[in-house]
Amino acid sequence: GHWFQKSAEHVLGCVLCSPGCFSLIRVEYLMRPNVMAMYKSLPTTPMQKLMYDQGEDRWLCTLILLTGGRIEFEAASHCQTFAPETFDVYYNQRRRWGPSTGRVEN
């Protein structure tokens with residue numbers, strides 16, 4: 001499912017999130033104004049706590065995209081990672097990631 005979704009996003013022109021285990025990030029993207037400053041900021045509201053601390057990969061990708069960065073997917077790359085083996089583990093993973101897709105506050 002991951003391969004198909006990311007390949008489709010790539011073909012459509014914008015990969016929305018690249019999980020940390022799959023990512024190589026250009027330093028120039030991290031050095032852009034408001035990327036690392038926002039990424040390392042401490043949360044002050046419950047929603048910020050969920051966005052910043054429970055969906056770090058999505059939060060960083062969102063910041064990169066908002067500053068004009070680009071996220072691409074290379075289908076021929078190889079990676080071995082942990083995949084949820086039970087519904088409970090999968091559900092907890094999705095529950096953690098959900099809030100980090102919320103809107104960015106200015």
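Keep in mind it's a predicted model, so treat the numbers as computed, not measured.
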Item checked: Spacing of CZ belonging to Arg26 relative to CD1 belonging to Ile71, to within rounding of 0.5 Å ->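 The CD1 atom of Ile71 is 12.5 Å from CZ of Arg26, to the nearest 0.5 Å.
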
Next item on the list: Could you tell me which residues satisfy salt bridge (Lys or Arg N to Asp or Glu O under 4.0 Å) with Arg32, sequence neighbours excluded, listed by chain and number?
Entry: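 Arg32 satisfies salt bridge (Lys or Arg N to Asp or Glu O under 4.0 Å) with no residue once adjacent residues are dropped.
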
May I have the list of side-chain donor-acceptor pairs in residues 33-44 shorter than 3.5 Å, sequence neighbours left out?
unit_1: Ser41; atom_1: OG; unit_2: Met38; atom_2: O; d: 2.7
unit_1: Thr44; atom_1: OG1; unit_2: Gln48; atom_2: OE1; d: 2.8

Using residues 83-91 as the side-chain source, report each donor-acceptor pair under 3.5 Å to any protein atom, sequence neighbours left out, with the distance given to one decimal.
unit_1: Thr86; atom_1: OG1; unit_2: Val89; atom_2: N; d: 3.3

